[in-house]
Visitor: 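One structure, pasted below without further comment.
Since the structure is predicted, the reported quantities are computational estimates derived from the model, not experimental observations. Below, each value reflects all heavy atoms present in this structure, side chains not excepted, and no hydrogens, waters or symmetry copies. A note on names: the letters A, B, ... follow the listed sequences, proteins ahead of strands, and every chain is numbered from 1.
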Amino acid sequence: MARYNPKETEPKWRNAWAEADVFRAEPPSSGRPKYYALEMFPYPSGRLHMGHVRNYALGDVKARYMKAKGFNVLHPMGWDAFGLPAENAAMERGVDPRAWTYDNIAKMRTELKQLGLSIDWSREFATCDEAYYGQQQAWFLDLWKRGLVYRREGVVNWDPVDQTVLANEQVVDGRGWRSGAVVEKRKLNQWFLRITDYADDLLEGLKTLDRWPDKVRTMQENWIGRSKGLRFSFPFSDPAPAGFEGGLEVYTTRPDTLFGASFAGIAPDHPLAEQIAAADPKAAAFIAECRRGGASEAEIETAEKIGYDTGLTVAHPFDPDWKLPVWIANFILMDYGTGAIFACPAHDQRDLDFARKYGLPVTPVVLPPGEDASSFQVGAEAYVGPGRIFNSRFLDGLDIEAAKAEAISRIEAQGAGKGATVFRLRDWGVARQRGWGCPIPVVHCETCGVVAVPKDQLPVALPLDLDFSKPGNALDRHPTWKTTTCPTCAGPARRETDTLDTFVDSSWYFARFTDPTSPEPINREAADYWMPVDQYVGGVEHAVLHLLYSRFITRALSDAGMLSAKEPFIGLFTQGMVTHETYRRQSGEWLEPGEVEITAEGNSRRAVIVETGEPVMIGDVEKMSKSKKNTVAPEEIFDVYGVDAARLFVLSDSPPERDTQWTTGGVAGAWRFVNRVWDEFDSQPATVAAADIAGDEAAKAVQRAVHRLIKAMTEAIETFRFNSGIARLYEFLNTLKEHKAEGASPALLAARAEALSAFARLISPFTPHLAEECWARVGGSGMVVHAPWPDFDVALTEDAVRILPVQVNGKRRGEISAPAGAEPADVEKLVLDDPEITRRLEGLTIRKVIVVKDRIVNIVAA
RNA sequence: GCCGCCGUAGCUCAGUGGUAGAGCGCAUCCUUGGUAAGGCUGAGGUCGGCAGUUCAAUCCUGCCCGGCGGCACCA
């Protein structure tokens, strides 16, 4: 018996696929239904990690399956190649970022190809290719013309370590998402994309994405954060401060509680606050105090509410004689709503905390059900539940929703304000002060202002001789690059030296894949055939970054006429991480898995350092990371066990959406499976004569098992439950082993031949190389990649005779066999005739007999 | 605090309103010309807890406990 040798087999089949060019997507004219499978493209770090293996293996299962189902599959690959790691490498090691990046791409391409993915490599590109980012510049200018790009001075998030601006989405708990540094606020001239124009549409669109995880939809919903309310102005009671003659504009979602108003509040960086501070040193000191507070989550959480009474008062909108004091308060955010609020302490916890601290009035205006108006009081907790309005003049007696509507219409009738919808989502700041990115294609002219570079002068290419030896923007300090002439007046001009956020690069690459050499950014015909992506696979960490930006850009480009699709990804799957146990010395230093030897002692385990025998602490199971040294290099696994075993294990051990734990035992198990599968094919005669299997129980059992397997595998792949599918493959292999080829009857051999033919096709999405070898071994025609997915016969998935357990009062007391589909009445008769059962019923009176067809019988007796 | 996911064998996980499963690990034995290997057999589970619905609950419902994730001074 020849042992399976992946080192020879796997490269052999990869070459065969490449030579036959089997994964090239056919043109739209092929007439076959399309299927666009895509995994989030990698950053070319230069090294493949297990997370990549899992991500691309998952996508590959679906792509190969759909190909077998007869679809015209597009499954491309590219590189998200701009960004900071290249600049850091340049700074640390003096290499050229371009050379470093393309070098890494070459290395990673080799490793990815080794995975045996069904990729159409003819479409490959990198976002740092001039041909790509030049097209990006072209559509950027189109969006500018359409008013979706604007430039303004604004307070931005500044990452002091990476020395660049960050988008709101890239600030996590007050820290830069990449550097982890505490983010500072700076005023800068910034480029923005008007994503807020699409806030409503992006929110509504989520409802149509029924093949997205609920979790991701919820996260986007929260992020967009739509709230409906009222925007209105408080008139100042005394002469209004300069510039506020129109009053103090506030936003509220609770206009129903207007009669519970206690004070008006403004953010410390509200223009009015700044104006007051200019004349009032105490106010200025207070504002400075507010700014000192950090932005980290812990600090926000514990920050006490503090306020400063400005001495100004405003009039209640429904009662000119009712004066409300104006406070500056640290809990009010300038960049939400209008940066000013009206406070109703009885029904808002923040307002209540504040009012209690500063002795401001607390008037309840919503009466909870069952409470009495004369006795209801608010203590330390604001009441935010449902109820009837009281203490509120013309709103009295209304429920909350009716009162909101009434208050809004009164305010609108007075001309004091308007119902308004407010979003948490802010416009997307896209400019980055970096040299290794897509240049923003504009020039600054002294006479003409900011001017777009004409399309025939695109791409605005990065110079080849950027100096990355110092931190900061290499493009800005280049000696000559930014000096140019104005395209409009031919006068002296300066190029924009900001580049685009790399999330811009990744928010349209999927559309470019449909025709990566198009002279336009997007070939509309190709995009309209292929888009949207049918199945997108990637990490959940992009739930609100990449996935939201891509949805926005797709809409914007669609509205600009470049493609029809509004949603980029109609199906989304977010896979879990690959984790591994961690190991440390007693002294606390992390150890690599390879340095540690683990021995089992009964059900517990003991770990020591291989070389010294020094005891090792086995730590938590955590995401593979270099810092904790709990990584396993894919290429080492490929070397020992082969690519198929690695793919199989990484797909088999957990549901794809959950984290999976890498273990050497697990991959060894997958490797044994590969070998046992090969044994079954290798022990089968290459050619088998047809035989009637009707009278052969073993043959029939194999036949039923394989039909059940086809059904289960089809469902498992359709529903992304690959691990369950693989569990079924293991079970089926046990069935095959029970009905060996050695000494088999002609009927069993024939049944095995048919089963093996199907089996080779069923394993092909998971272990494609092994599948080819097996397919060839049993004389399959052509390659298994070209073979259609096997069909199953429902009748053959069921047994002709069923063993029905028989319960008495819910406890199992025996079993009987009955023909499949036997009627309850007949089964009941069989049961009551059964001596074993009747013996169990002696002395009991049968009350009821429940027969569930083909499942079970329960006798209720007393 | 709000929302979501998870809890089944020692470990990682399938599964179903009706007989509790796989891989790994563990134990016994066989093989020692598949050998830094292969095979047979086996032990091991109050299906997180309590209650309800049902003839029947690991599965449905409610409450509770434990773990993980997301959001959170957004008016």
Visitor: Using atom C1' in both nucleotides, what's the gap between B/rC6 and B/rU31 to the nearest angstrom?
Guide: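 Rounded to whole Å, the distance is 44 Å.
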Visitor: Checking all strands, does A/Ile726 fall into the base, sugar-phosphate, or nothing category for heavy-atom contacts under 4.0 angstrom?
Guide: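 Here A/Ile726 touches no strand at all.
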Visitor: My understanding is that a pair needs two contacts under 3.5 Å, Watson-Crick or G-U wobble. By that rule, which nucleotide pairs with B/rA75?
Guide: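 Base partner found: none.
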Visitor: I want to confirm an ordering. Mapping A/Asn222 and A/Thr663 to their closest nucleotides on RNA chain B, which one lands closer to the 5' end?
Guide: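 Looking at RNA chain B, the more 5' nearest nucleotide goes with A/Thr663.
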Visitor: Taking the nucleotide of RNA chain B with the nearest heavy atom to each, does A/Lys737 or A/Ala267 sit closer to the 5' end?
Guide: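 Nearest nucleotide further toward 5': that of A/Lys737.
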Visitor: Does a salt bridge link A/Glu715 with A/Lys711, judged by any charged N lying under 4.0 Å from a carboxylate O?
Guide: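 A/Lys711 and A/Glu715: salt-bridged.
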Visitor: Can you tell me which nucleotide in B/rG15, B/rC74, B/rG23 comes closest to the side chain of A/Asn734?
Guide: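 For A/Asn734, the side-chain atoms sit closest to B/rG23.
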Visitor: Name the pairing partner of B/rC5, where a pair is Watson-Crick or G-U wobble with both distances under 3.5 Å, or state none.
Guide: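 By the stated definition (distances under 3.5 Å), B/rG67 pairs with B/rC5.
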Visitor: For the C1' atoms, the ones on B/rC68 and on B/rA56, what distance do you get once it is rounded to whole angstrom?
Guide: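 Their C1' atoms lie roughly 34 Å apart.
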Visitor: On a whole-Å scale, what distance lies between the P atoms belonging to B/rG49 and B/rG34?
Guide: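 Each nucleotide's P atom is 48 Å from the other's.
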Visitor: Using a 4.0 Å heavy-atom cut-off, does A/Arg231 contact any base of the nucleic acid, only the sugar-phosphate backbone, or nothing at all?
Guide: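 Since no nucleic acid heavy atom lies under 4.0 Å of A/Arg231, the category is nothing.
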Visitor: When the ring planes of A/Phe759 and A/Phe681 are compared, do they come out parallel, tilted or perpendicular, using 30° and 60° as the limits?
Guide: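 Taking A/Phe681 first and then A/Phe759, their aromatic rings lie parallel (interplane angle under 30°).
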Visitor: Using atom C1' in both nucleotides, what's the gap between B/rC59 and B/rG52 to the nearest angstrom?
Guide: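 These two C1' atoms come out 15 Å apart once rounded.
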Visitor: Roughly, in whole Å, what's the span from OH in A/Tyr730 to C1' in B/rC24?
Guide: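 Taking OH of A/Tyr730 and C1' of B/rC24, I get 9 Å after rounding.
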Visitor: How far, in whole Å, is B/rU54 from B/rA27 if one measures between their P atoms?
Guide: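 These two P atoms come out 49 Å apart once rounded.
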Visitor: Any donor-acceptor pair, under 3.5 Å, between the side chain of A/Asp679 and the base of B/rG34, if you only look at N and O atoms?
Guide: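 Such a pair exists between side chain and base.
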Visitor: Backbone N or O of A/Ala343 within a donor-acceptor pair of the A/Arg350 side chain at under 3.5 Å?
Guide: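 Answer holds: no.
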Visitor: Searching all strands shown, indicate the nucleotide that pairs with B/rA27 (Watson-Crick or G-U wobble; both distances under 3.5 Å).
Guide: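 B/rA27 is paired with B/rU41.
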Visitor: Whole Å only: how far is the NZ atom of A/Lys215 from the P atom of B/rC3?
Guide: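 Nearest whole value for this atom pair: 17 Å.
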Visitor: Provide, to the nearest angstrom, the distance between the CG atom belonging to A/Leu733 and the P atom belonging to B/rA22.
Guide: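 Taking atom P of B/rA22 as the reference, CG of A/Leu733 is at 13 Å.
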Visitor: Between atom OH in A/Tyr641 and atom P in B/rC24, what is the gap in whole Å?
Guide: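 Atom-to-atom, A/Tyr641 to B/rC24, this comes out as 12 Å.
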Visitor: Output yes when at least one side-chain N/O atom of A/Tyr251 is less than 4.0 Å from OP1 or OP2 of B/rA75, else no.
Guide: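 No, A/Tyr251 has no side-chain N/O under 4.0 Å of OP1/OP2 on B/rA75.
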Visitor: Write down the distance between CZ (A/Arg728) and P (B/rG23), rounded to a whole number of angstrom.
Guide: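 To the nearest whole Å, that distance equals 14 Å.
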Visitor: Across all strands shown, which nucleotide pairs with B/rC47 by Watson-Crick or G-U wobble geometry, both distances under 3.5 Å?
Guide: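 With both distances under 3.5 Å required, B/rC47 matches none.
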Visitor: Relative to each other, are the rings of A/Phe232 and A/Phe342 parallel, tilted or perpendicular (30° and 60° limits)?
Guide: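 Ring orientation of A/Phe232 relative to A/Phe342: tilted.
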Visitor: From B/rA75, B/rC74, B/rC24, pick the nucleotide closest to the side chain of A/Thr253?
Guide: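 Output: B/rA75.
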Visitor: May I ask you to evaluate whether A/Arg350 reaches the phosphate of B/rC74, defined as a side-chain N or O under 4.0 Å from OP1 or OP2?
Guide: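 So the side-chain polar atoms of A/Arg350 do come within 4.0 Å of the phosphate oxygens OP1 or OP2 of B/rC74, strictly under.
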Visitor: Now, which nucleotide makes the Watson-Crick or G-U wobble pair with B/rU35, with each of the two distances under 3.5 Å?
Guide: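 Its partner: none found.
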Visitor: Please walk me through it: do A/Leu572 and A/Leu209 pass side chain to side chain contact (heavy atoms under 4.5 Å, CB included)?
Guide: CA-CA 9 Å; A/Leu572 172 69; A/Leu209 296 176; over 6 Å; no
Visitor: Under a 3.5 Å limit for both distances, which nucleotide forms a Watson-Crick or G-U wobble pair with B/rU54, could you say?
Guide: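 Base-paired to nothing in any strand shown.
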Visitor: Taking the same atom, P, in B/rC29 and in B/rG66, what whole-Å distance lies between them?
Guide: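 The answer is 46 Å between these two P atoms.
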Visitor: What does A/Asn675 touch in the nucleic acid at a heavy-atom separation under 4.0 angstrom: a base, only the sugar-phosphate, or nothing?
Guide: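 The answer is nothing, as A/Asn675 stays clear of every strand by at least 4.0 Å.
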Visitor: Considering Watson-Crick and G-U wobble pairs with both distances under 3.5 Å, what does B/rC13 pair with?
Guide: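 B/rG21 is the nucleotide pairing with B/rC13.
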Visitor: If I pick the P atom on B/rC64 and the same atom on B/rC3, what distance separates them, to the nearest angstrom?
Guide: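 Rounded to whole Å, the distance is 12 Å.
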Visitor: What interatomic distance, in whole Å, is found between P of B/rC5 and the corresponding atom of B/rC60?
Guide: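 Straight-line distance between the two P atoms is 12 Å.
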Visitor: What is the distance from CD of A/Glu657 to P of B/rC13, rounded to the nearest Å?
Guide: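 Atom-to-atom, A/Glu657 to B/rC13, this comes out as 11 Å.
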Visitor: In whole Å, I'd like the distance from the CD1 atom of A/Ile328 to the P atom of B/rC73.
Guide: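 About 21 Å, once rounded to whole Å.
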Visitor: Establish, with yes or no, whether the OP1 or OP2 oxygen of B/rU12 is under 4.0 angstrom from a side-chain nitrogen or oxygen of A/Asn723.
Guide: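 No, A/Asn723 has no side-chain N/O under 4.0 Å of OP1/OP2 on B/rU12.
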Visitor: Starting at CH2 of A/Trp212 and ending at P of B/rG4, how long is that distance when rounded to a whole Å?
Guide: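 It is 20 Å, rounded to the nearest whole Å.
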Visitor: Evaluate whether atom NZ of A/Lys228 has more than 12 neighbouring non-hydrogen atoms of other residues, nucleotides or ligands under 6.0 angstrom away.
Guide: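 Open: at most 12 neighbouring heavy atoms sit under 6.0 Å from NZ of A/Lys228.
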Visitor: Can you tell me if A/Arg672 touches the phosphate of B/rG39, counting only side-chain N or O atoms and a distance under 4.0 Å to OP1 or OP2?
Guide: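 Result: no.
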Visitor: Using only modelled atom types and a 3.5 angstrom limit, is any donor from either the side chain of A/Lys305 or the base of B/rC73 paired with an acceptor on the other?
Guide: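 Indeed, a donor on one side and an acceptor on the other fall under 3.5 Å apart.
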Visitor: Answer yes if the side chains of A/Tyr730 and A/Ser652 hold a donor-acceptor pair under 3.5 Å, and no otherwise.
Guide: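 The criterion, which ignores hydrogens and geometry beyond distance, is not satisfied for A/Ser652 and A/Tyr730.
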Visitor: In terms of the angle between their ring planes, are A/Phe649 and A/Trp662 parallel, tilted or perpendicular, with boundaries placed at 30° and 60°?
Guide: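 The rings of A/Phe649 and A/Trp662 stand perpendicular, inter-plane angle above 60°.
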